[in-house]
Amino acid sequence: MKYSLLRGMQDIFSEQIYLWQYIEENARKILENFNFQEIRTPIVENAELFLRSIGEDTDIVEKEMYIFYDKKGRKVALRPEGTASVVRAYIQHNLFNNPAPQKFYYFGPMFRYERPQKGRFRQFHQIGVEAFGVSSPWMDAELIYLLKIFLEKLNINNLIYEINSLGCKNCRPQYRRVLFNFLADKVNQLCNDCQRRFEKNPLRILDCKVPSCKETLKDIPLITDFLCQDCKEHFISLQKELNEMNISYIVNPRIVRGLDYYTRTVFEVTTTMLGAQNAIAAGGRYDDLVESFGGPSTPASGFAIGMERLVELCLNSLSLKPKKPFVYVAYTGSSVEKDARKLVNLLRNINIPTETAYENISLKSQLRKADKAGATIVVIVGEEELKKNVYRWKNMKEHSQGETTLEQLLETIRRRYDSE
RNA sequence: GCGGACGUAGCUCAACGGUUAGAGCACUGGACUGUGGCUCCAGGUGCUGCGGGUUCGAGUCCCGUCGUCCGCCCCA
């Protein structure tokens with residue numbers, strides 16, 4: 001083998017692709033019921049777009065970005081996530097002039113240069129959703145509700161929904177100070193990772209899993225006790241609305257997200273089925289991001305679902321029947337090949353999935369192929385039958401066969417196919 | 001970025017450092033000259049991931065590299 005897949009990349013085909021298509025079709029249907037519109041943004045963008053929105057001190061920016069320079073020396077990047085691009089598009093096309101809310105969804109590949117594991121790839125895919133112009137917690141609740149009915153539609157249960165509020169630019173700085181003071185004299189009792197986090201991103205210390213840190217930090221101040229009045233009310237309303245919608249969730253004040261732009265609501269949907277990569281969807285509110293990119297002050301909220309992880313769960317929760325041809329056209333020799341070709345095209349033109357051998361091989365082989373392909377009806381275009389102006393048909397499931405005229409053949413196939 | 005395991009046929013896996021590397025499933029053809037599945041027969045089933053090294057001799061031992069998996073970091 002001369003060439004093989006780059007590390008962390010994958011080919012998606014055969015059984016898996018049916019799942020991908022099924023998931024995408026269902027996502028589209030549900031998202032459009034909620035009046036989200038699809039948006040397609042480029043995979044390559046100015047690197048600064050991501051560096052500034054995600055945050056310079058985050059892992060994504062520090063070690064995971066695919067950055068390179070194009071022929072004009074522009075610093076560009078493969079997108080590591082979708083929100084920044086949609087925000088860019090929202091501002092660039094003045095979509096804030098349209099009536100709020102403006103709601104978008106996208107499917108597509110994202111790129112992060114990480115060490116691959118199960119459920120973690122360098123090119124991975126997300127279904128993303130972004131809603132602009134609404135600050136009401138109703139929108140946050142709606143996003144979580146949307147996630148829930150989508151995942152239920154895919155028959156995935158046993159998921160854990162966790163929410164938190166990270167406050168806003170008014171209350172978070174105060175919390176940071178409290179946190180800093182609390183941690184200042186404990187730093188050298190913490191694990192190496194936490195000591196590093198203390199310098200760079202103290203919030204991350206909250207979800208450290210090292211037992212000794214957990215012990216040292218059991219009385220750590222929590223953001224939820226320091227929210228300003230508006231943030232507190234926002235968070236309480238969100239919970240009320242989730243209750244109304246019968247969504248069971250956990251308030252986890254230790255959830256912090258890996259991107260810096262979040263404000264107020266953040267949430268995660270996790271599973272215990274995927275090992276270390278347990279997050280299957282996550283998102284939150286980012287009320288300051290549009291303005292920080294030069295747009296008008298615009299509240300916004302969104303989330304992303306990890307396709308590969310979703311597909312992994314669907315392998316257990318769904319069993320899809322593979323796509324098969326309904327009719328297989330076999331023929332008995334080169335003298336009737338042209339007639340077979342005509343029939344194949346005729347069937348396809350009336351939307352009957354049809355397969356054939358394309359080559360002059362024995363009838364036995366053709367029937368074998370028809371069987372392997374899962375065709376229900378085989379039509380045999382035979383020299384003897386053509387002399388009588390009829391086609392031979394064979395029902396592979398009922399083990400019956402007979403001869404019939406072209407019109408009757410098409411009519412019967414049509415009726416049988418439609419009743420499947 | 002750090003630590004560990006693994007890599008043999010399309011797939012699942014065997015082979016004490018010692019002949020020409022095997023089994024099942026799948027695949028192709030035939031028995032059946034114009035009729036699938038079942039059975040039987042015959043067969044590609046292969047640069048043992050790749051490149052070096054040790055050795056009389058390497059699928060096996062060593063080094064490098066590529067890839068997969070697991071844990072950490074982190075994330076979807």
Side-chain angles (χ1 to χ4, degrees), chain A residues 1-10 14-15 54 57-64 80-83 107-129 147 191-194 196-197 200-201 204 207-210 255-259 267-271 274-284 302-313 328 330-333 336 357 360-386 392-402:
Chain A
M1 244 300 269
K2 204 162 181 182
Y3 301 107
S4 60
L5 235 29
L6 248 31
R7 164 165 271 202
M9 308 286 167
Q10 56 171 346
S14 56
E15 293 91 359
I54 294 166
D57 291 330
T58 59
D59 275 49
I60 294 177
V61 165
E62 278 194 340
K63 58 179 201 193
E64 297 172 5
E81 58 110 32
T83 303
F107 301 160
M110 307 293 163
F111 301 83
R112 293 183 199 170
Y113 196 90
E114 294 182 89
R115 187 79 170 260
Q117 275 180 45
K118 195 177 191 64
R120 187 165 76 190
F121 302 90
R122 288 184 174 175
Q123 174 174 336
F124 62 103
H125 298 74
Q126 291 186 332
I127 300 174
V129 164
L147 249 177
C191 69
N192 290 340
D193 284 327
C194 279
R196 189 172 48 81
R197 292 181 182 120
K200 285 173 29 188
N201 195 347
R204 297 229 69 96
D207 64 2
C208 183
K209 290 156 200 99
V210 176
I255 291 184
V256 290
R257 314 264 31 260
L259 300 90
F267 57 90
E268 284 181 3
V269 181
T270 56
T271 171
L274 293 180
Q277 274 58 248
N278 63 351
I280 113 130
F303 69 77
I305 304 171
M307 269 300 273
E308 284 79 1
R309 294 177 189 180
L310 193 54
V311 167
E312 193 72 28
L313 292 179
Y328 193 98
Y331 62 101
T332 59
V336 295
N360 189 8
I361 56 177
S362 72
L363 187 58
K364 171 190 278 299
S365 298
Q366 294 182 71
L367 282 161
R368 227 181 250 158
K369 284 173 189 286
D371 185 45
K372 295 272 157 58
T376 304
I377 307 283
V378 174
V379 178
I380 299 169
V381 179
E383 285 166 335
E384 291 162 29
E385 287 82 353
L386 278 184
R392 180 163 284 277
W393 58 266
K394 183 176 168 80
N395 187 313
M396 301 293 272
K397 310 250 154 87
E398 294 167 7
H399 315 287
S400 55
Q401 61 176 308

Check the distance between [N]'s [atom2] and [X]'s [atom1] and give it to me in whole angstrom.
| X | N | atom1 | atom2 | result |
| --- | --- | --- | --- | --- |
| Met110(A) | rC74(B) | CE | C1' | 18 Å |
| Arg368(A) | rG34(B) | CZ | P | 14 Å |
| Tyr113(A) | rA76(B) | OH | C1' | 20 Å |
| Leu313(A) | rA76(B) | CG | C1' | 12 Å |
| Gln117(A) | rG1(B) | CD | P | 14 Å |
| Arg7(A) | rG1(B) | CZ | P | 9 Å |
| Arg112(A) | rC73(B) | CZ | C1' | 14 Å |
| Arg392(A) | rG34(B) | CZ | C1' | 9 Å |

Tell me whether Glu268(A) is salt-bridged to Arg257(A), with the criterion being a basic N under 4.0 Å from an acidic carboxylate O.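 Salt bridge flag = yes for Arg257(A) with Glu268(A).
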Would you indicate what [X] reaches in the nucleic acid, counting non-hydrogen atoms under 4.0 angstrom: base, sugar-phosphate, or nothing?
| X | value |
| --- | --- |
| Ile305(A) | nothing |
| Lys394(A) | base |
| Leu259(A) | sugar-phosphate |

Note to self: Can you give me the closest heavy-atom contact between Met396(A) and Ala370(A), atom names plus distance?
What the structure shows: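 Distance-wise, the nearest heavy atoms are CE-CB, 4.4 Å.
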Need the pair for [N]. Rule: Watson-Crick or G-U wobble, both distances under 3.5 Å, any strand; none if unpaired.
| N | value |
| --- | --- |
| rU65(B) | rG49(B) |
| rC25(B) | rG10(B) |
| rC73(B) | none |
| rG57(B) | none |
| rC38(B) | none |

Using atom [atom1] in both nucleotides, what's the gap between [N] and [M] to the nearest angstrom?
| N | M | atom1 | result |
| --- | --- | --- | --- |
| rG71(B) | rU65(B) | C1' | 23 Å |
| rG57(B) | rG18(B) | C1' | 7 Å |
| rC13(B) | rG49(B) | P | 15 Å |
| rA15(B) | rU60(B) | C1' | 9 Å |

Could you go step by step and tell me if Lys369(A) and Ile361(A) meet the side chain to side chain contact (heavy atoms under 4.5 Å, CB included) rule? CA-CA 11 Å; Lys369(A) 284 173 189 286; Ile361(A) 56 177; 3.3 Å; yes
Practice prompt. Please tell me which of the listed nucleotides, rU28(B), rU68(B), rC75(B), lies nearest to the side chain of Lys369(A)?
Written response: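 The answer is rU28(B), which lies nearest to the side chain.
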